[in-house]
Structures are given as C-alpha cells and as structure tokens.
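Everything below concerns the one structure shown next.
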Amino acid sequence: MPNPNMKILVVDDFSTMRRIVRNILKQLGFTNVEEAEDGDVALEKLRNGSFEFVITDWNMPNMTGLDLLKNIRADEVLRDIPVLIVTAEAEKENVVQAAQAGVNDYIVKPFTADVLKAKISRIFPD
Amino acid sequence: MNSSLQDIIDTAALTLVTADITNLQDLGKLYTCFEQLRKCDELQTHGEIKEAIAAAQTLIKTLMLDESARRNNVQEIISKTITAIQHRIIPGTDPREHPFPEELLGNQSSLPQKDTHDYYRLPAHIDETIFFDFLNNQDTVFEKLDALLLDIEKQFNTEQVADVRRIFHTLKGEAAIFELHDIHQLCHKTEDLLQSCETSLPIDSLLMISDWLKSAFTCLRAERKLLRVPQTLQKLFVQATIQQPPTQKSLESLQPESIGDEEAFVINKMIASSEPVQQKTIQILSGDMDLLSDFISEVKEHIESIDTKLLTLERNPHDTDLINAVFRVFHTIKGAAGFLALEDIARLAHITENLLDLARKGELVLESGKIDVVFLAVDEMKKLIKNIEKAITKGSTSYERTDSLESVIERIQNFAKIKQPFTTASFTATSHEHTVISEAPAQPLAKATESGAEEDTTLSIQKVVLATQEGFVSTTQGQKGKIKEAIKVDSDNLDKLIDSIGELVIIESMIKQDSDLQRFASSRLQRIIAQMDKITRELQQLGMSLRMIPVKGTFQKMARVVRDLAKKSGKDIEFVVRGENTMLDKSVVDRIGDPLIHLVRNAVDHGIEKNSEERIKAGKRATGSIELTAFHKGGNIYIEIKDDGRGLNKDLILEKAKQKGLLREGQNLSDREIFNFIFLPGFSTAQKVTDVSGRGVGMDVVKRAIEDLRGNIDIDSIEGKGTTFSLRLPLTLAIIDGMLVRIGEERYIIPTLSIVEAVRPKPHEIVTVVNRGEMLQLRDKLIPLFRLSRLFRIETAQQDPTQGIIIVVEESGKMAGLLVDELLGQQSTVIKSLGAFMNGLIGISGGSIMSDGKVGIIVDVAGIIKLATSQQDIYQEQSSNI
C-alpha cells in the first residue's frame, strides 16, 4: 500500500457519499483526504494542491467524472495523477469510455473497504 | 496498402505486447486501437474483419467489466486476431494460413466467461457485513427451530407452532432482502404448509427442511455457493401437500427450475401484498448513525428540490435538462442508500430511476398525468425518510416500513413496464440469461448519460429563463455555482449557544446599567464597556442568524399543494413565489407550514373561481393566480398569500355575524374588522358563508397558530378582485424587542412589535362611552382604555390617565390603550418560559431576566386586547364594583 499520508481528493456532488468514501479511506489508514463537490471545484483544488490520487464519482452536475478525467489527462501538470472512478452497477458500460480516456481503475458502488484496498494496491503497486 | 491503417495495426500490436491485461488503462488503450481499426475506411468492406474487430472489442470489454473473467490466452487470442487482420489486407498473402482464432469467433463458449453459475452474488445495495451478520445469526435460529420441532413432536402446542411459523416467516423476509430466492421460496412454502396444519405437524419433513437450510447456509458462508433444493426435499413437499389439499400453484413454485424471473416476481408481489403488516418493521443499520442522519437530511434537501423541478417539468415534459437533474437525484440517492444498507430507499430510487431513464431516452413523455407517478415516488420517499428520521431520533435501530411501498413500487414498475425486479443476478437465471438481462438496458443508458452530460452545462441558464416565463422563481440551480463551505451543527448545541449568548446579553446590560459603575467608571472603562456592548450586540445578531433558514423549503411545499389541488378541482392556476430566500428562524419556518397550507388551500378551493368561464365573465384572465410572497420589513417577516379570485363577501359575513350576535345594532365596522370575523371559532361552520364567500374552515386554527408564533394575520379583500392574507411574523422566537414600562413598583415588558404609539392624554381625550367604558380619543379614533394595574392588581399604580402614559397597542386590526405609569426604555429580551404551572394566564406571555437580574413579565398584548374589547362590559362591571 502507498504512503498513508498520500493526499487524496474525493469528488462527488453528494456530501454523504463523500463522507462514506472518506470513512472507508480512513479505515484503510488514509487521512489526508480533501473533498470537492463537482468537477470544476476538483480541478481548481487539483491545480492548487499536490494531490496524488483522485477518487471521483461518475454522475455529477456541471462536469461529469469522465470530463474531469479528460481534463486531468489533458493538463500538463496533472496528467499523471492516478484516477479511480466510482460508478453504479447499471452504468458499468461507461467504464469502457473511462478506460479509453485513461482511467486507472473503476469501482462499483456500493463497495467495501477491502475492495477499495485492492483497487488502491493495484493502482499503487509496491 | 494504406500507411495509416498499417500504423494503427502496428500501434495495436505494440500496445498488445506491452499491455498488462489486468490493467484497465492498458485495456482502454487496446480498445481504442480496435476502435480506430473499426473506423478505417479500408476495412468497411471486409465483413469478416469487421466481425473479428467487434468480437475483439467485446472480449476486451468483458475483461474491463468483469474482474473475475478468465484471462489466460487472451493476449494470444488478440495477438492472433491482429495478425489475421494484417494478412487479410496485405496483398499476396494467403488468409487461410492465418485464420481468426476460433475462440474469438464461432465458438462463443470458449470466450472468457464468468464462472459464477452457482455462486451467490451479494445484491449491489447490501453491505457485506450485514450479510455476514445475517449468516451468523442463522446458527441460533436453527438451534431454536430444531428444539421447537422436537418439543412439538412430544406435545402439540399452538404457541410453539406459531413460533416455528414466525421463524420461517422471518427467514423468508430476510432471504428476499438478500435475494436468496430458493431459500425464500422454500420458506414461503413451508409457511403455507404450517398455516394449514391445525392439529399436527409433519415433523420429519420440517426437520429435513431445517437440515437442508442449515447446509445451504454453511455453503453460503464457506464458499458463497448456492445449493439447489434437492429432489428428495421437493418430493417430501409434494407428499406433505398431499395431506393438505394441494394447489397447482404451490407445486409449481416449489420447483426452482420452472420459475423464471417474472414468475418469481409475481410471487414476490403476492407476498408483498398479502403480508404488508407483518413485514412492517425491519432492521436498518449496524453502522454509523451520524452518517445516516446526515444522509437523511441531505436526501430531504434533494427531494424538496425535486418537487419544484417536477412542477416545471410538467409544463415542459420534453426538457431533458430537467429530467436529467431529477434522474441524477434519484441516482445519487440510490448510490448512497446502497452503502448505508437502506434497502427500501435503494429499491424505490432504483425503480424511479428506471422510469426517468425511459423519459431521458424519450421513450416515455412525462406529461401531465404521467408525472404523477414520479410525484408518487417522491411522496413515498418522503414517507420513508420521515420514518427513518423518526427511528433515528428515538435512537432505534429499526424503522417502520411504509405500508404503501410495495404498491407504489409496483405501480411505478407497471407504469414503466419495467419487467425485471431490482435484482441483477437472479437465482434461477443461467449465466447467459443473466448477461442478457443486465446488458440490454445498460447500452442505451450509457449513451443517454453521455448526451445528458453535455447538456448539463446549459442547465442553469435555461432554468432561470424558464422560471421567469413560468412564474416560478427557482434558485436551486442558480445557486449551485457559488461554492460555500458549510458545517453541519447539532441543533441542540446551536440552541445552547444561542441561550448562552442570551445570558451574556443580559449580563452585559447588567454591567452597563450598574449604578456603581456609572458613578465611578473612568472614561476609559466606559469606552471599553461601550466596545463590549457593540461586540455583544454583534454576537447576538450572529447567533440569531445561525438559526435563520430560507422559507424556500416551505414555499416549495406550497407549490405542490397548489398543483395537486388545482388538478383535483380542475382549475387552471398559476402559482407565483417571490422572496423564497427570505430568512426566518428555523423554529418559525417549521411551524409556519401548516397554517400556510391551510391558507393556500383556501385560496385554491374557495378563492379562485370555479371555472375559467366565470373568470372571463368577471373580466379576468382565464388562468387564476395565487402569489406567495415573503419579505422583510421593520424587523419582521411578512408572508402574503394573494389570490385574484372572488374575494370575500362583506354583506354575508356581516349577516352571519348578526345572526351569531356578534354585532351590536348600529355598530360601524371597518372592512378589516368585518373580515376578522372569519377568524372566530365556529364562525365558518355556517354553510352559507363557506359556500358563497368561501373562506372559513379552521381559520381560527390558522390565526391561533400565527399568534402562537407571536405574529399576526390580516385580511385585505375586494369583492370580485381577490383576497390577500398577510402574515406578520417575528424574525425569531427566542428574543423580542420590548418596551420596559413601570406600573406602580412593578415593571412589565410590552413587545415593541405591537406598539403603535405612546401618548400622555389630555383630560378631554379620556371619554366614557355608554356600553363601552373608558375610551381614549386619539385623533379621530376611539380606543378602549385598559388599566393594566387593575388586571395585575397593583394598588400603588397611577390612577389618573393624564398623569400616566397610554401605550397604544394593536393586534389583528384591533387597538387598545394600555395605561402605565412610566416608560423605562426599550430593550431586547430573551424570552424565558415561566414554567408549565404559569401557562395560560391571561395577559402574560412569558418572563425575562432584566438587567438588574430580576424577573420581568412580558405582557400578552393579544390577550389584553381581547379583554379590552370583547369583554369590555364585564370589565366595566367589575371595575364599577371595586
């Protein structure tokens, strides 16, 4: 597992969801977590802070998770930040687009700490 | 051969060599390569190649979406595919030497497949820990069951039989939640069987069932394997049912193989409709209550915003932005509910999401009538949320399900013709069927999301335009752009803080007014005190503002009320909301809802004319209008409900008042006073008045509710033109601005809100009118004079009005002059309750701690005016006896 002090940005328009993800991350030992409620805010935060990992929801107003991903990948500075996209079972097909846009992995909600841990270990191999 | 085509193939080959097929990014790149190939002009005519490309893409997609898919040989298969393509486009090579890999085309079964045939998949909305809790519980359940069965074998006991039935019933319900369909059905059948056994039980059979269930749970726990109900058990069942009159259905549904999704669903429905009561209470949580209550409050906000959106949508059923916005709310709720194991909410949100998805895709137009189903879902969601909220407040871990949930879900399902229930993996479906079920709706969904997302950016702009057009002022979307940090605070803590601030304000004014201090304080100390005074005041204001919330939520409810009622009564009504962002103390907002609903309902029911013909005849627009406005004025909040309907009929009200003996002969009343009659209890029950002039039922209740909030209500109406109800409300309930007065040695506080003016009368201004007692002649008005000293029995008080001060107060259009000795000053006071035993005293509404630490009594102006006007005679009689 990567450094527990890794700075993580959780993006979701629903604050309860952000809290859930944050709690799960905390269970896994990651405490340096910030939140953003949509893609615009996320990009602003990313550009102003040294984030090492982004967990974003797919379905958000203003800017979808996919667009956020595309924006990150198109940004000189941010392009290498690993992105994990959260999707609903019914929208799993979206993953194809996300994969093409360069997402590192996806996770289907609801997920448990173990599943997230497995995803993170894969994204950050030792 | 085209070089770009060659380039793509080269890239594909290179990507493949370096690819890690467990890595999503690599798979994405590979997928893109094939997509480029697919779009190549040169390949458009090669049917075989196109087929292979499509098959390769499907293969890659499977790897992306299903992590359990087998991955051996995949690299080789794709590699062979690329080679085969290459050899079909390079002239002079023999394609037969490089065939497409068999695994890719033709023989589908060799493609990577999930080997989840007989494995249990946890439903997406259920948390794993809950599932394990459930499994672990079963040991004790079966221990108990076996013991019961053995007891019953020794001696038949109806109570114990009932226990057995309850065990199966509970298990059945739980199995349904976890989508363990076999177990669910077995329990259902067993339950039926038990129900029909009146004198003895087939103990052997039941023990066998128990044994099978035990092993089924063991398998589930160990390897997540699903056991099939064995033939022996089924035979046993048939035998058992032979003893009872068997029904065709019960035999059929016992065989899992014969049950398709739809039938299983029918059974589910049967169960749901036949036993809603027994399933009422279910467990909700093992988890974080804090998180849950946050979720609930967030969902509430979202749901409230939906109402407005739906109302607008009803007028513009094709507004995809709006549909998307509503869809997203349900989608988000479903997602979070899944984490919190709120199965009911997840299901309801899911089914509504499906319906809205059809609307998004244009397969269903949510026009008037059809949108009712969505409203139905919203209402049901509200009910569920309320029940859960109740449970949380009580600290309970279970909540009451709504009786109507199943029927609502069914209605939505029927409506949308959504066949599959909320299961992605159905037990009886083979894996092939499963793929069909889950993939069919997903494809268009993905497309819809994509297009939806692009349109989202224009959402807020369009909404505002729409809002003005429609007369709806909705700022929900407009505000989204502003990013504000907010912290959620426990409202109890907030109240404590405000209480403390209140005490601080009192202490501060005690210091400020301390006589020693005023005598000895240096100018420096006085400056510091002045500074402290300023800061305390700021703190007080800030504290108050913390409790302030916009009236928007309540107003949105009204929009819904108008819509539903207008529809029911077939009236065409435009509802306009203004000033919905006006802030008001939360406790006021919470309590203003019911009276507002009442007034709005009256406006629709009785205010607006029965039909548009009547309106047109009266020279009005065909569409009726109801306006709800909130605004600040002079430290108060005003809420106005204005309709352009028939207006009140003064003559009828007067006639009615005369009948009731509320009017004296020759009494001249202002319009306001006439209208105020409708607030009298029982006044409205007269059929004639309610039918013709309309207003009425329970207006006294409305008035009382407003007065309880220390506000008042006024009517302004012009016959034939419409009626306006204005509510004046205090900004907050915790603090009032009061005028401190002295009567004899006592001090009282009169709420500044009610004070019109204060005068020292000249002798000729005090007149005694026959039947009405002492009056104050104030300019051209006669106002009853009321001696507070008599009510409060203060003997040292000034008896001569010309030596005292008369404070003219007004409440609901009625005035009175209160005689006091002296005005001491104005101050904000924190209201304290005098305790239950002092409740309901006439003339007193509460107490307050004064700057010297003593208690001051707050005068209840409304009560006093009532005494001063309606009971003037009695008072006069009393006073003449003294």
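Everything quoted here is computed from the prediction, not taken from an experiment. The figures that follow rest on heavy atoms only: side chains count, while hydrogens, waters and symmetry mates do not. The sequence lines fix the lettering, A, B, ..., with proteins before strands; numbering per chain opens at 1.
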- Quick one: does B/Phe295's side chain get under 4.5 Å of A/Ile20's, heavy atoms only?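 Heavy-atom side-chain distance check fails, nothing below 4.5 Å.
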
Restricting to non-hydrogen atoms, name the atom on [X] and the atom on [Y] that form the minimum distance, rounded to 0.1 Å.
{"X": "A/Asn59", "Y": "B/His331", "value": "ND2-CD2, 3.6 Å"}
{"X": "B/Arg328", "Y": "A/Pro61", "value": "NH2-CB, 3.5 Å"}
{"X": "B/Glu298", "Y": "A/Ser15", "value": "OE2-N, 2.5 Å"}

Distance in Å, [X] [atom1] paired with [Y] [atom2], rounded so as to fall on 0.5 Å steps:
{"X": "A/Met17", "Y": "B/Ile333", "atom1": "CE", "atom2": "CD1", "answer": "13.0 Å"}
{"X": "A/Met60", "Y": "B/Thr332", "atom1": "CE", "atom2": "OG1", "answer": "10.5 Å"}
{"X": "A/Thr16", "Y": "B/Leu292", "atom1": "OG1", "atom2": "CG", "answer": "9.0 Å"}

- Item | Structural part of B/Glu35 lying under 4.5 Å from a heavy atom of chain A |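 When you check distances to chain A, only side chain atoms of B/Glu35 fall under 4.5 Å.
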
- Provide the full list of ring-ring contact (aromatic ring centres under 6.0 Å, His included) pairs with a residue in residues 67-88 of chain A, sequence neighbours left out, each pair given once.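 Sorted pair list comes back empty.
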
Within the distance-only criterion (no hydrogens, no angle test), does the side chain of [X] pair as donor or acceptor with the backbone N or O of [Y] below 3.5 angstrom?
{"X": "B/Gln25", "Y": "A/Gly102", "answer": "yes"}
{"X": "A/Arg19", "Y": "B/Asp294", "answer": "no"}
{"X": "A/Tyr106", "Y": "B/Leu24", "answer": "no"}

- Please state whether the side chain, the backbone, both or neither of A/Ile24 comes within less than 4.5 Å of a heavy atom of chain B.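 Looking at A/Ile24, just its side chain touches chain B.
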
- Task: Tell me, for A/Arg22 versus chain B, whether the close heavy atoms (under 4.5 Å) come from the side chain, the backbone, both or neither.
- Result: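 It is neither, since no heavy atom gets under 4.5 Å.
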
- Query: Would you say A/Lys26 has more than 12 foreign heavy atoms packed within less than 6.0 Å of its NZ?
  - Reply: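 Incorrect, the count does not exceed 12.
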
